[in-house]
J.: 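The structure that follows is given in the form of structure tokens.
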Amino acid sequence: MAYNYRGPRTKEDIIEFANRVAGPLIRPLPSQQMFDHVQKRHSVLFLYVGVESTLKEKFIEVASELIVYTYFFSASEEVLPEYVTLNEVPAVLVFKDSTYFVYDEYEDGDLSSWVNKERFEGYLHVDGFTLYELGDTGKLVAVAVIDEKNNSVEHTGLKSIVQEVARDYRDHFHRDFQFGHMDGNDYINSLLMDEVQVPTIVVLNTSNQQYFLPNKKVENTEDLIQFINSILDGTAEAQGGDGILQRIKRVAYDARSTVVSVFKSSPLLGCFLFGLPLGVISIMCYGICTADSDDGSEEMTRKDVIDPNASDEGSDEEQDEDKTRENSSEVTDEDQEEKDIMEKKKD
């Protein structure tokens with residue numbers, strides 16, 4: 001069976017992926033010592049407890065689909081630590097965040113969907129790749145945008161507030177929200193196409209590119225809970241989206257960001273890449289405009305050369321006609337005088 005690796009492109013992550021898919025889909029845990037060892041090595045693991053059943057068949061099917069993301073194990077009830085209590089067996093559990101959670105088909109729905117949502121810890125360091133993966137869960141992502149190098153109370157306090165809500169209010173929000181923090185605002189600015197102040201809280205809906213910003217500064221746990229509840233009940237204003245206008249804005253923003261990044265990284269290269277085409281286009285436009293004006297001036301010159309000759313010829317013809325008329329008029333007068341003299345002689 002072939003698996004596609006979709007994780008971070010680091011040596012450690014690739015090796016871990018290779019080891020995970022190289023073994024069996026479901027690894028057995030024969031003893032509590034082995035269970036303790038596995039739990040220390042993996043921050044998130046899924047465990048099937050019990051004998052053969054329909055639930056195990058579903059568990060195997062889910063493991064074949066999601067083995068690229070996380071680990072799957074099986075064990076008997078005797079292997080579990082004393083702090084784990086089960087109401088019924090067989091059961092599927094997830095161990096993470098220093099505790100465990102039991103799958104309930106009636107409350108959690110499809111097993112595959114539940115595993116896909118629970119394969120992340122309750123609180124994460126969010127980056128671009130993690131945010132992309134969280135899009136498959138269907139959850140809203142509440143992110144504290146902070147500067148990890150800044151140790152002021154404003155930054156560390158906001159991170160602690162989000163961690164506290166993720167830990168203490170899991171039962172209220174874990175089905176709808178994933179919590180975490182992001183170092184710096186560069187990535188979030190490109191995602192929102194806006195300048196986000198640091199520190200702040202941003203809630204992202206990765207399914208439709210919408211986001212929510214608090215209308216006031218989050219200073220304590222109550223403020224964050226109030227903000228989250230306003231999103232759940234629909235009173236918070238959603239911004240962004242994936243409409244036509246947002247797509248046009250995205251194209252313009254990406255083009256602008258590309259130009260700015262090129263000039264910031266290498267001004268000379270930027271001048272060459274963008275200056276050369278602009279220069280060529282300018283020369284072409286100038287040549288086209290100049291060619292039109294030259295053609296017009298040549299036509300006018302030709303007309304000026306031809307028209308004077310034409311006018312001179314016309315004037316000469318007119319003069320000849322005038323002379324002919326004058327001569328004919330003179331001849332007519334002389335004939336009339338001769339006729340008059342002849343009539344007088346007859347008389």
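All values derive from a computational prediction rather than experimental measurement. Residue numbers run from 1 in the order of the sequence given.
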J.: Between I228 and F173, does the side-chain contact (heavy atoms from CB on, under 4.5 Å) criterion hold? Intermediate values first, please.
T.: CA-CA 9 Å; I228 292 174; F173 302 129; 3.7 Å; yes
J.: Between R170 and D97, is the closest basic N to carboxylate O distance under 4.0 Å?
T.: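 Looking at R170 together with D97, the answer is no, because their closest N to O distance does not fall below 4.0 Å.
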J.: Set out, in order, the CA-CA distance, both residues' side-chain angles and the distance that settles side-chain contact (heavy atoms from CB on, under 4.5 Å) for H181 and V126, then state yes or no.
T.: CA-CA 6 Å; H181 76 275; V126 179; over 6 Å; no
J.: From the options F72, F73, Y71, F59, select the one residue that forms a ring-ring contact (aromatic ring centres under 6.0 Å, His included) with F46.
T.: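 The ring-ring contact (aromatic ring centres under 6.0 Å, His included) with F46 is passed solely by F72 among F72, F73, Y71, F59.
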J.: Which pair of heavy atoms, one from L25 and one from A63, lies closest together, and at what distance?
T.: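 For L25 versus A63, the nearest heavy atoms are CD2-O, 4.0 Å.
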J.: So, do E57 and E52 sit near enough that their side-chain heavy atoms are less than 4.5 Å apart?
T.: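 They are not in side-chain contact.
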J.: Is S112 close to E65 at the side-chain level, that is, under 4.5 Å between some pair of heavy atoms?
T.: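 They are in side-chain contact.
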J.: Could you check whether any side-chain heavy atom of K216 comes within less than 4.5 Å of a side-chain heavy atom of D223, counting everything from C-beta outward?
T.: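 Yes, side chains in contact.
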J.: Has the side chain of R20 got a donor or acceptor atom that lies under 3.5 Å from a matching backbone atom of V68?
T.: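 The answer is yes, because a donor-acceptor pair under 3.5 Å joins these two groups.
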J.: Might you confirm whether atom NE2 of H125 has over 12 heavy atoms from other residues, nucleotides or ligands at distances under 6.0 Å?
T.: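 Above 12, so yes.
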J.: More than 12 non-hydrogen atoms from neighbouring residues, nucleotides or ligands closer than 6.0 Å to CG on D233, yes or no?
T.: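 Count over threshold, so yes.
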J.: Write down the atom of S53, the atom of Y48, and the distance for their closest heavy-atom approach.
T.: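 Of all heavy-atom pairs spanning S53 and Y48, the closest is OG-OH, 2.6 Å.
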J.: Could you tell me if the side chain of F227 sits less than 4.5 Å from the side chain of N215, heavy atoms only?
T.: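 Answer no - side chains too far apart.
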J.: Taking all non-hydrogen atoms of both residues into account, name the closest pair between Q209 and L191 and its distance.
T.: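 Answer, listing the atom of Q209 first, then L191: OE1-CD1, 4.3 Å.
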J.: Any heavy-atom pair between the side chains of M182 and I188 that's under 4.5 Å?
T.: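 The answer is yes; the side chains approach within 4.5 Å.
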J.: To the nearest 0.5 Å, what is the distance between CD1 on I60 and CD1 on I67?
T.: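 That separation rounds to 12.0 Å.
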J.: Identify the residue among N229, L158, V165 that makes a side-chain contact (heavy atoms from CB on, under 4.5 Å) with L224.
T.: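 Filter result, single survivor: V165.
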J.: To the nearest 0.5 angstrom, please state how far the CD1 atom of I231 sits from the CG atom of D176.
T.: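 Nearest 0.5 Å value for the CD1-CG distance: 10.5 Å.
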J.: Quick test of your reading: applying side-chain hydrogen bond (donor to acceptor under 3.5 Å, both in side chains), list the pairs with at least one residue in residues 152-169, sequence neighbours left out, ordered by first then second residue.
T.: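 The answer is N150-S152, N150-H155, E154-K217, E164-T221.
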J.: Could you state whether V203 and L124 fall into the same hydrophobic cluster, counting links through intermediate Ile, Leu, Val, Met, Phe, Trp or Tyr residues with side-chain heavy atoms under 4.5 angstrom apart?
T.: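 No, V203 and L124 fall in different hydrophobic clusters.
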J.: Report the distance from atom CG of L55 to atom CG of L111, rounding to the nearest 0.5 Å.
T.: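 It comes to 6.5 Å.
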J.: Got a sec: does the CE of M34 have more than 12 other heavy atoms crowding it under 6.0 Å?
T.: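 Counting other residues, nucleotides and ligands, CE of M34 stays at 12 neighbours or fewer.
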J.: Would you call D194 and Q239 a side-chain contact if the rule is heavy atoms closer than 4.5 Å?
T.: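 They are not in side-chain contact.
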J.: Under a 4.5 Å side-chain heavy-atom rule over Ile, Leu, Val, Met, Phe, Trp and Tyr, are V62 and Y69 clustered together?
T.: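 The answer is yes; both residues are in one hydrophobic cluster.
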J.: Indicate the atoms forming the closest heavy-atom contact of Q210 with A238, along with that distance.
T.: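 Taking every non-hydrogen atom into account, OE1-CB, 3.6 Å.
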J.: For the pair K96 (side chain) and G122 (backbone), establish whether a donor and an acceptor sit closer than 3.5 Å, ignoring hydrogens and angles.
T.: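 Judged by distance alone, no pair lies under 3.5 Å.
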J.: Can you tell me how far CD of Q32 sits from CD of Q39, rounded to the nearest 0.5 angstrom?
T.: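 Going from CD on Q39 over to CD on Q32, the span is 10.0 Å.
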J.: To the closest 0.5 Å, what do you measure between CD1 (I283) and OG1 (T290)?
T.: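 Answer rounded to 0.5 Å: 11.5 Å.
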J.: Nearest heavy-atom pair of L213 and I201: which atoms, and what distance?
T.: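 The answer is CD2-O, 3.8 Å.
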J.: Looking at N189 and V196, would you say the former's side chain and the latter's main chain have a donor-acceptor pair under 3.5 Å?
T.: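 The answer is yes, because a donor-acceptor pair under 3.5 Å joins these two groups.
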J.: State, to 0.1 Å, how close P24 and R27 come at their nearest heavy-atom pair, and which atoms those are.
T.: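 So the minimum-distance heavy-atom pair works out to O-NH1, 3.5 Å.
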J.: ring-ring contact (aromatic ring centres under 6.0 Å, His included) with Y211: which residues, sequence neighbours excluded?
T.: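 Partners of Y211 under the ring-ring contact (aromatic ring centres under 6.0 Å, His included) test: none.
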J.: Tabulate below the donor-acceptor pairs under 3.5 Å that side-chain atoms of residues 131-144 make, not counting sequence neighbours, or state none.
T.:
| residue | atom | partner | partner atom | Å |
| --- | --- | --- | --- | --- |
| T137 | OG1 | L134 | O | 2.6 |
| T137 | OG1 | K139 | N | 3.3 |
| K139 | NZ | H174 | O | 2.8 |

J.: Hey, are D127 and T130 close enough side-chain-wise for a donor-acceptor pair under 3.5 Å?
T.: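 There is such a pair (donor and acceptor under 3.5 Å, judged by atom type) between the side chains of T130 and D127.
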J.: Would you call the rings of F177 and F179 parallel, tilted or perpendicular, taking 30° and 60° as the class edges?
T.: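 Judged by the thresholds at 30° and 60°, the geometry between F177 and F179 is parallel.
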J.: Verify side-chain hydrogen bond (donor to acceptor under 3.5 Å, both in side chains) between N205 and N208, making sure each step is shown before the conclusion.
T.: CA-CA 6 Å; N205 187 340; N208 59 9; 3.3 Å; yes
J.: Tell me whether K58 is salt-bridged to E105, with the criterion being a basic N under 4.0 Å from an acidic carboxylate O.
T.: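 So K58 pairs with E105 through a salt bridge.
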J.: Are there over 12 heavy-atom neighbours, none belonging to E237, within less than 6.0 Å of that residue's CD?
T.: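 Count not over threshold, so no.
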J.: Decide whether L192 and F129 are clustered together by the hydrophobic rule: side chain heavy atoms of Ile, Leu, Val, Met, Phe, Trp, Tyr closer than 4.5 Å, transitively.
T.: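 They do not share one cluster, since no chain of ILVMFWY contacts under 4.5 Å joins L192 to F129.
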J.: Quick one, V92 and W114 - any side-chain contact, counting heavy atoms below 4.5 Å?
T.: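 They are in contact (side-chain heavy atoms under 4.5 Å apart), so the answer is yes.
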J.: When clusters are formed by joining ILVMFWY residues with side-chain heavy atoms under 4.5 Å apart, either directly or through shared neighbours, do V94 and Y83 land in the same one?
T.: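 No, V94 does not connect to Y83 through the hydrophobic network.
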J.: Taking D183 for the side chain and E148 for the main chain, is one N or O donor matched with an acceptor at less than 3.5 Å?
T.: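 Confirmed, D183 side chain pairs with E148 backbone.
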J.: I'd like to know if F101 and L66 are part of one continuous hydrophobic network [Ile/Leu/Val/Met/Phe/Trp/Tyr, side-chain heavy atoms within less than 4.5 Å].
T.: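 In one cluster with L66: F101, yes.
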J.: Under 6.0 Å from the CD atom of E61, do we count more than 12 heavy atoms belonging to anything else shown?
T.: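 Counting neighbours around CD of E61, 12 or fewer heavy atoms of other residues, nucleotides or ligands fall under 6.0 Å, so no.
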J.: Drop me the distance from E118's CD to S113's OG, to the nearest 0.5 angstrom.
T.: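 Taking CD in E118 and OG in S113, the distance rounds to 10.0 Å.
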J.: Ring-plane angle category for F95 and Y100, please: parallel below 30°, perpendicular beyond 60°, tilted otherwise.
T.: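 It falls in the tilted class, 30° to 60°.
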